[in-house]
Number of protein chains: 2
Amino acid sequence: MKTAGRKVDADEPLYRRMRLDIERRILSGEWPPGHRIPVEHEFTSTYKCSRMTVNKVLSGLADAGLIERRRRAGSFVSAPRAHAAVLEIPDIQSAIQSRGEDYRYELLAERRRLSTREDMKDLLLAARQRVIHIQCRHFANGVPFTIEERLINLAEVPEAATVDFSVTPPGTWLLAFVPWLEAEHRILARQAGQDWGALLNLPQDTACLVVERRTRRTGSALTYVRQIFQGDRYFLTARFAPRDGATGQSR
Amino acid sequence: MKTAGRKVDADEPLYRRMRLDIERRILSGEWPPGHRIPVEHEFTSTYKCSRMTVNKVLSGLADAGLIERRRRAGSFVSAPRAHAAVLEIPDIQSAIQSRGEDYRYELLAERRRLSTREDMKDLLLAARQRVIHIQCRHFANGVPFTIEERLINLAEVPEAATVDFSVTPPGTWLLAFVPWLEAEHRILARQAGQDWGALLNLPQDTACLVVERRTRRTGSALTYVRQIFQGDRYFLTARFAPRDGATGQSR
DNA sequence: AAGTGGTCTAGACCACGAC
DNA sequence: TCGTGGTCTAGACCACTTC
């Protein structure tokens with residue numbers, strides 16, 4: 001075992017150059033969907049490296065969905081999966097402040113109660129639980145930016161009972177307090193109507209963007225939130241790169 | 001080098017069990033954000049395996065954004081990044097048909113022209129190019145489902161000049177023809193207005209969901225599309241799982 | 001200076017599945 | 001059957017960064 005160590009060929013690790021090479025071939029269409037790419041052994045010759053290194057690259061491409069690997073058959077360029085995009089839905093407070101705007105928060109209503117039938121559906125509850133129901137409003141530069149309606153499941157997040165939500169926005173508190181969750185989102189458009197119009201200071205027929213999110217660990221949801229934005233004042237952006245991007249910009 | 005080969009401990013490869021173990025600790029809050037997790041060498045003892053195997057797991061967690069790794073300092077649980085979600089934006093035709101509904105397509109207008117100033121912005125063109133401008137409509141069970149306005153950059157996709165878009169929906173053709181692209185999405189809400197209302201058979205003030213997408217390889221865009229949906233008839237769903245999900249459901 | 005992760009090797013055995 | 005990928009080892013040297 002003489003070994004490694006020669007490394008630095010161009011300051012860029014071998015596996016990354018290999019990965020980019022292959023991605024380029026796929027993205028350029030040189031290797032179209034369905035194309036069988038070289039087997040691992042061929043890559044070890046081409047790049048003069050061990051099979052482990054090749055395997056790391058090809059496994060990564062398979063994880064990213066760019067190729068599919070089948071034993072005995074080989075590795076094939078995948079067909080693009082419609083359009084998958086990574087959507088970043090930021091904390092409202094951070095979003096407003098990061099744009100250099102002044103942030104203000106207002107609690108409109110807070111009720112603690114036993115879950116209604118609808119609450120149970122929103123929170124995926126199997127039985128009645130105590131919940132907190134919050135309605136609040138976020139301002140950017142003094143103008144209503146979004147209204148928020150939120151349920152917090154006290155069975156899953158008992159600490160929420162001790163928080164003063166007249167001061168602390170529930171989203172900000174939850175994000176800081178509860179680590180790493182799964183979330184399901186639903187995005188739709190709806191007319192403001194009387195309630196939303198009054199709260200967002202908009203004509204009743206204005207189109208609003210509605211983002212609903214259910215946040216959970218495994219079973220019941222911890223919280224359910226519906227945020228309403230003026231439709232053309234706020235928008236979501238999403239980006240898809242064949243990975244390296246979705247994987248978290250990396251590098 | 002005696003070796004490997006003992007493998008099958010529980011039908012589940014070691015690296016996956018290790019990965020799930022660590023994810024569980026992070027998701028449950030046992031290892032909260034900022035927590036320093038054991039160093040690679042400790043894991044080799046715990047799991048009685050080589051450092052490569054541990055490294056594969058921890059590197060994967062770092063790619064997924066669950067931990068951050070710093071030389072000499074160690075590996076730390078990340079703070080959750082707002083809410084990242086994987087948004088699937090399907091091909092219209094597939095989406096309608098996969099719900100068992102009847103799909104119909106109608107070309108409203110097609111023009112071939114030199115890019116206008118606005119086209120250049122939408123397609124990120126540096127110079128004037130020939131483009132195809134298409135307006136079309138998709139029906140589900142005979143009812144207008146979405147209207148679409150699309151630009152195709154003939155400099156990047158010359159083959160589009162030969163396609164009969166009165167028969168083939170441009171999105172379907174592009175998805176099948178052009179492999180693996182990057183895409184940027186913008187999602188917003190807007191009132192129907194006169195044009196959209198007439199085409200979607202809606203009152204003018206109806207809230208519509210607007211999805212704009214620019215698809216590119218590296219430089220200029222290949223195509224730019226704006227799709228308009230009745231706001232409460234269609235919605236987007238997105239899901240975030242701390243990976244394994246975004247990485248492509250895998251498994 | 002020393003501990004940590006980053007990368008890599010040259011093997012190994014296994015399981016799957018196309019042939 | 002046997003080529004392919006799947007997983008794993010027991011080392012190695014390096015680079016970085018904190019101590």
Side-chain angles (χ1 to χ4, degrees), chain A residues 1-20 22 34-64 66-78 244 247-248 250-251, chain B residues 1-20 22 34-78 244 247 250-251:
Chain A
M1 193 156 302
K2 63 92 190 174
T3 191
R6 72 62 246 282
K7 269 289 281 331
V8 288
D9 280 64
D11 229 32
E12 191 80 349
L14 174 59
Y15 83 90
R16 189 182 297 281
R17 281 186 289 125
M18 202 186 310
R19 165 94 183 221
L20 292 175
I22 299 174
H35 178 84
R36 180 180 162 163
I37 73 174
V39 299
E40 296 189 348
H41 181 70
E42 293 183 64
F43 279 115
T44 64
S45 308
T46 308
Y47 288 93
K48 308 226 182 311
C49 66
S50 77
R51 203 191 131 212
M52 268 302 297
T53 302
V54 174
N55 183 272
K56 172 173 180 155
V57 171
L58 297 188
S59 299
L61 286 166
D63 281 347
L66 274 172
I67 65 172
E68 283 158 25
R69 315 199 71 193
R70 293 203 299 278
R71 285 173 152 124
R72 168 75 211 213
S75 301
F76 302 83
V77 176
S78 308
D244 291 347
T247 291
S250 306
R251 299 171 57 74
Chain B
M1 194 155 305
K2 63 92 191 172
T3 191
R6 73 60 247 285
K7 269 289 279 330
V8 288
D9 279 64
D11 229 34
E12 192 80 348
L14 173 59
Y15 83 90
R16 190 181 296 282
R17 281 185 290 124
M18 202 185 312
R19 165 98 183 220
L20 292 175
I22 298 173
H35 178 84
R36 179 180 161 161
I37 73 174
V39 298
E40 295 189 348
H41 181 70
E42 292 182 64
F43 279 115
T44 65
S45 306
T46 308
Y47 286 93
K48 307 226 184 312
C49 66
S50 77
R51 204 192 130 210
M52 268 304 295
T53 302
V54 174
N55 183 272
K56 172 175 178 152
V57 170
L58 297 188
S59 299
L61 287 166
D63 281 346
L66 276 172
I67 65 172
E68 284 158 25
R69 315 199 73 193
R70 292 204 303 277
R71 285 173 152 126
R72 169 76 211 213
S75 300
F76 302 83
V77 176
S78 308
D244 292 346
T247 290
S250 306
R251 298 171 58 71

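Please read all numbers here as calculations on a predicted model, not as lab measurements. Sequence lines set the chain letters: A, B, ... in the order given, protein chains first and strands last, and positions in each chain run from 1. For the numbers below, each heavy atom of this structure counts, side chains included, while hydrogens, waters and symmetry mates do not.
For Thr53(A), the side-chain contact (heavy atoms from CB on, under 4.5 Å) partners at least two apart in sequence or on another chain are Leu14(A), Tyr15(A), Met18(A), Cys49(A), Ser50(A). Partners of Glu68(A) by side-chain contact (heavy atoms from CB on, under 4.5 Å), not counting sequence neighbours, listed by chain and number: Ser78(A). Applying the side chain to side chain donor-acceptor pair (under 3.5 Å) test to Ser59(B) and every residue at least two apart in sequence or in another chain returns Asn55(B). Partners of Arg70(B) under the salt bridge (Lys or Arg N to Asp or Glu O under 4.0 Å) rule, at least two apart in sequence or in another chain, do not exist in this structure. With sequence neighbours excluded, no residue forms a side-chain contact (heavy atoms from CB on, under 4.5 Å) with Arg72(B). Contacts of Arg71(A) classified as salt bridge (Lys or Arg N to Asp or Glu O under 4.0 Å), with partners at least two apart in sequence or in another chain: none.
Atom OH in Tyr47(A) sits about 12 Å away from atom P in dC8(C), given to the nearest Å. Atom-to-atom, CG of Leu61(B) to P of dG5(C) comes out at 13 Å; the value is rounded to the nearest Å. Atom CZ in Phe76(A) sits roughly 12 Å away from atom C1' in dG17(C) (whole-Å rounding). Rounded to whole Å, the distance from CZ on Arg51(A) to P on dC14(C) is 14 Å. When rounded to the nearest whole Å, the span between CZ of Arg19(A) and P of dC8(C) equals 14 Å. Atom-to-atom, OH of Tyr15(A) to P of dC14(D) comes out at 19 Å; the value is rounded to the nearest Å. Separating the CG atom of Asn55(B) from the P atom of dG3(C) is a distance of 19 Å, rounded to the nearest angstrom. Between Asp63(B) atom CG and dT7(C) atom P there is a gap of 10 Å when expressed in whole angstrom units.
The shortest distance between side-chain heavy atoms of Arg69(A) and Glu40(A) falls below 4.5 Å. With a 4.5 Å cut-off on side-chain heavy atoms, Val54(B) and Thr46(B) do not count as touching.
Residue side chain Arg16(B) does not reach the base of dG6(D) through any donor-acceptor N/O pair under 3.5 Å, judged by distance alone.
Mapping Ser59(B) and Ser50(A) onto DNA chain C by nearest heavy atom places Ser59(B) closer to the 5' end of the strand.
The stretch residues 34-76 of chain B participates, sequence neighbours left out, in these ring-ring contact (aromatic ring centres under 6.0 Å, His included) pairs: Trp31(B)-His35(B).
Both key distances under 3.5 Å define a Watson-Crick or G-U pair, and stretches of 3 or more such consecutive pairs in DNA chain C run C:1-18 with D:1-18.
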Detail all sub-3.5 Å separations between protein N/O atoms and N/O atoms belonging to nucleotides 1-4 of chain D.
residue: dC2(D); atom: O2; partner: Arg72(A); partner atom: NH1; Å: 3.1
residue: dG3(D); atom: O4'; partner: Arg72(A); partner atom: NH1; Å: 3.4
residue: dT4(D); atom: O2; partner: Arg72(A); partner atom: N; Å: 3.4

